[in-house]
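What follows is a single structure, written as structure tokens, with notes after it.
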Amino acid sequence: MSDLPLAIAIDGPAAAGKSTVAKRVAKALAYIYIDTGAMYRSLTYQALQEGLDINDESSIIELLHSITISLDQNQQVYVNKKNITEEIRSTDVTNHVSKIASISSVRKELVHRQQVLAANRGVVMDGRDIGTSVLPDAEIKVFLIASVEERAMRRHQENLQKGIPSDLDQLRKDIELRDKMDSERKVSPLKKADDAIEIDTTSLDIDEVTQRILQLVKQYKEKA
Ligand code: DC
């Protein structure tokens with residue numbers, strides 16, 4: 001049995017519960033958690049803030065090279081030291097982030113930054129391409145899925161709890177569109193890695209999903 005720190009990759013479509021589960025797994029193992037979607041969102045936020053044309057790829061990459069994006073272990077997100085944790089979840093950012101995430105030079109740079117953050121292992125990272133391109137050698141790879149209806153309903157309830165106005169039908173359409181853009185983009189599309197374990201969370205709660213992943217970690221360590 002080995003107790004070396006591992007890299008755990010959690011991928012899947014929008015609103016499949018990745019970040020909630022990833023945070024819990026990281027806490028249980030005392031690993032760091034890295035939300036890679038927050039990095040794409042931060043760049044999108046800053047581009048919108050500066051009034052850049054989202055389709056102008058060269059100005060977007062130039063912006064990326066001029067800013068620092070940092071995440072702390074309390075899940076606070078900063079651009080150039082400004083806390084933008086709340087702002088990156090806005091509808092405006094959500095509706096533009098897939099376009100930014102489809103720019104290959106942006107992906108190359110952010111994947112590199114993510115690999116640096118994960119270099120020491122002991123990490124749970126969630127996103128769309130962690131198992132396929134950021135950490136292809138992660139010891140544990142999980143691909144979370146859930147029906148579109150279930151994912152829209154989870155986001156809807158989350159919004160209502162936070163007191164944010166929410167339209168279930170619109171959420172479902174937005175999620176479908178994001179799935180389509182994330183899966184059909186040319187550069188590292190959303191795709192299950194061949195060696196990832198798929199978990200359908202439609203009828204599982206957060207605790208059950210967390211326990212399944214912790215079980216995979218335990219099995220891996222027993223064999224190692
Ligand atoms: O997980 P999220 O909703 O915060 O991700 C925001 C967007 O960023 C999503 O539309 C896809 C993109 N993304 C990506 O392309 N690759 C990642 N590793 C993480 C997110």
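Position 1 is the first residue of the sequence, and the numbers go up from there. Counting convention: from 1, in listed order, for ligands and their atoms alike. When reading the values below, keep in mind they use all heavy atoms of this one structure, side chains included, and skip hydrogens, waters and symmetry mates.
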- Query: When you look at E222 and K218, which way does the salt bridge (Lys or Arg N to Asp or Glu O under 4.0 Å) test go after all the steps?
  - Reply: CA-CA 6 Å; E222 278 167 2; K218 188 163 171 263; 3.6 Å; yes

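The residues K221 and D3 are annotated as salt-bridged, a charged nitrogen and a carboxylate oxygen being separated by less than 4.0 angstrom. Under a 4.0 Å N-O distance rule, the pair R107/D129 qualifies as a salt bridge. Residues D126 and K141 are not paired through a salt bridge, judged by the lack of any N-O separation under 4.0 Å between the basic side chain and the carboxylate. Between K173 and D169 a salt bridge is recorded (basic side-chain N to carboxylate O distance below 4.0 Å).
Closest to atom 4 (O) of ligand 1 by heavy atom, among M39, R155, R41, is R41. With Q114, M181, M125, R107 as candidates, the residue nearest to atom 15 (O) of ligand 1 on a non-hydrogen basis is R107. Heavy-atom proximity to atom 3 (O) of ligand 1, evaluated over K18, H96, R178, R185, is greatest for R178.
For the side-chain hydrogen bond (donor to acceptor under 3.5 Å, both in side chains) with R154, the qualifying choice from T20, T201, N159 is T201, the only one to do so.
Below 4.0 Å from some heavy atom of R89 lie the following atoms of ligand 1, by number and element: 4 (O). Within ligand 1, counting atoms from 1 as listed, the ones closer than 4.0 Å to a heavy atom of S98 are 10 (O). In the vicinity of G127, heavy-atom distances shorter than 4.0 Å reach the ligand 1 atoms 17 (C), 18 (N), 19 (C).
The protein heavy-atom contact nearest to atom 12 (C) of ligand 1 is A101 CB, 3.7 Å. Atom 20 (C) of ligand 1 has G37 CA, 3.5 Å as its closest protein atom, hydrogens excluded (heavy atom only). Here the protein heavy atom with the shortest distance to atom 1 (O) of ligand 1 is R128 NH1, 2.9 Å. Looking only at heavy atoms of the protein, atom 18 (N) of ligand 1 is closest to D129 OD1, 2.8 Å.
At least one donor-acceptor pair under 3.5 Å links the side chain of T85 to the backbone N or O of V77. A donor-acceptor pair under 3.5 Å is absent between the side-chain atoms of K27 and the main chain of Y33, judged by distance alone. A distance-only check finds a donor-acceptor pair linking the side chain of R151 to the backbone of A14 [under 3.5 Å].
The shortest N or O to N or O distance between D126 and ligand 1 is not below 3.5 Å. In terms of N/O distances under 3.5 Å, ligand 1 is approached by T36. Here's the thing with D182: one of its N/O atoms is less than 3.5 angstrom from an N/O atom of ligand 1.
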